[in-house]
Amino acid sequence: MVIRIPETTISSSDGRRSIPLIGMGSATPTRNSEEVKAALIEAIKIGYRHFDTAAIYKTEKPVGEAVAEALQLGLIKSRDEVFITTKLWCNSTQRHLVLPAMKQSLCNLGLEYVDLYLIHWPLTLKQEEFKIPIPTEGIAPINIKEVWEEMEKCQNLGLTKSIGVSNFSPRRIEEILSFAKIPPAVNQVELNPLWQQKKLIEFCKKNDILVTGYAPLGGPGTRWGHNRVMECDILQDISKSRKKTIAQITLRWIFEQGVSVVVKSYNIERMKQNIDIFDWSLTEDELYKISQIPQQKQIYLIGTMVIEPNDVMAEIDADLSFQ
């Protein structure tokens, strides 16, 4: 049975465009193209219609192949039935590199356009091949005005239907809004019950920007992730009393915040469970208990991408610690 995922709309070149409120992520340490493609085809069979990738994930090609195969198999009738997000990596956040990077992503995907193109992080990396730790001399501030003008050009040329940002604080979004002809449609950020982003969500709603949460379960099993969401006593208690998985409780909580989310599991049963959250609600008492969970941000650039302190990354980390 195909589960229909609710949608909302975001600003786009068409005026408003529908986006499913749960998307399937494709960032995977294995980077096995066949595994990614097979998982996404199964996801389409179940009901997923939003697929999130990025230049740095090295999964644009299998995402595009999955869409092509789904069309061939008759799982979807047209390209328009799926919503594809990809992202501009930091080594291309310079005026002359944005459009070529956009075109390269479309080439990788085998598509004429994407539905959403995001600036992945608000910084510039001067390295052709991404390697961690990043040397300090390879990090520079982003010229956001120049980069955003090129993002707008990508939308005006029809290469993407909408544009947005990822890992941007209110302060940095306000800077874009001060000169943008096309405002950001989406801000994709770390979001889960242990990092609830209430002020950021409020800011984005006031500015007609949809927040999309990543790492809803904390990213367990990744180099930068943690198990604290899955081990949270409050979430475990609610899970037991409601006879739902901790993932379902978490995703339902995110859904009830009026934002969207990107999940990632290549296990078919968990794929189904993760979107089986729309015919029940959390109680006021459960919502209150979740609101009282101590807050702790997990994803910092310093410690993840660099070892030595760096002023550019320290400023981004401080901005994103805003609650």
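Predicted model, so just to flag it, every value in this text is computed and none were measured. Each residue takes its place number in the sequence, starting with 1.
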Handout entry: Heavy-atom side-chain contact between Ile277 and Ile22 under 4.5 Å
Key = yes
Exercise for the section: Measure the shortest side-chain to side-chain distance between Gln248 and Asp276 over non-hydrogen atoms and say whether it is less than 4.5 angstrom. Expected result: yes
Handout entry: Ile246 CD1 to Asp237 CG distance, which is reported to the nearest 0.5 Å
Key = 9.5 Å
Practice task
Evaluate the criterion salt bridge (Lys or Arg N to Asp or Glu O under 4.0 Å) for residue pair Lys45 and Glu42; output intermediate values, then yes/no.
Solution key: CA-CA 5 Å; Lys45 291 177 183 177; Glu42 290 301 319; 3.2 Å; yes
Handout entry: From CA spacing to verdict: side chain to side chain contact (heavy atoms under 4.5 Å, CB included), Tyr266, Val36
Key = CA-CA 8 Å; Tyr266 291 172; Val36 174; 3.8 Å; yes
Practice task
Return yes when atom CD of Glu284 has more than 12 non-hydrogen atoms of other residues, nucleotides or ligands closer than 6.0 Å, and no otherwise.
Solution key: no
Exercise for the section: Give the intermediate values and the outcome of salt bridge (Lys or Arg N to Asp or Glu O under 4.0 Å) for residues Arg171 and Glu175. Expected result: CA-CA 6 Å; Arg171 182 180 70 84; Glu175 185 180 352; 5.1 Å; no
Exercise for the section: Compute whether any side-chain donor of one residue and acceptor of the other, for Asn167 and Tyr214, lie under 3.5 angstrom apart. Expected result: yes
Handout entry: Ser26: which of Thr86, Val262, Thr85, Val63 passes side chain to side chain contact (heavy atoms under 4.5 Å, CB included)
Key = Val63
Practice task
Give the intermediate values and the outcome of side-chain hydrogen bond (donor to acceptor under 3.5 Å, both in side chains) for residues Arg228 and Gln298.
Solution key: CA-CA 10 Å; Arg228 292 194 302 275; Gln298 172 66 21; 3.0 Å; yes
Handout entry: Reference residue Ile19; test side chain to side chain contact (heavy atoms under 4.5 Å, CB included); the match among Thr8, Thr9, Asp115
Key = Thr8
Practice task
May I ask whether Tyr300 and Val312 are part of the same hydrophobic cluster, defined by side-chain heavy atoms of I, L, V, M, F, W, Y residues being less than 4.5 angstrom apart, directly or through others?
Solution key: no
Practice task
Check whether more than 12 heavy atoms from other residues, nucleotides or ligands sit under 6.0 Å from atom NZ of Lys103, and answer yes or no.
Solution key: no
Handout entry: cation_pi(Arg79, Tyr113) dist<6.0 Å, angle<=45
Key = yes
Problem - Distance, nearest 0.5 Å, that separates OG of Ser162 from OH of Tyr117 - result: 14.5 Å
Problem - Derivation and outcome, side-chain hydrogen bond (donor to acceptor under 3.5 Å, both in side chains), residues Ser13 and Gln155 - result: CA-CA 7 Å; Ser13 55; Gln155 180 166 323; 4.8 Å; no
Practice task
Would you mind reporting whether Pro62 and Leu40 have side-chain heavy atoms less than 4.5 Å apart?
Solution key: no
Exercise for the section: Check whether any side-chain heavy atom of Pro183 lies under 4.5 Å from a side-chain heavy atom of Ile209, and answer yes or no. Expected result: no
Practice task
Measure centre to centre between the rings of Trp89 and Phe130, then say whether the value is under 6.0 Å.
Solution key: yes
Handout entry: Validation row: Phe179, Glu149 side chains within 4.5 angstrom (heavy atoms)
Key = no
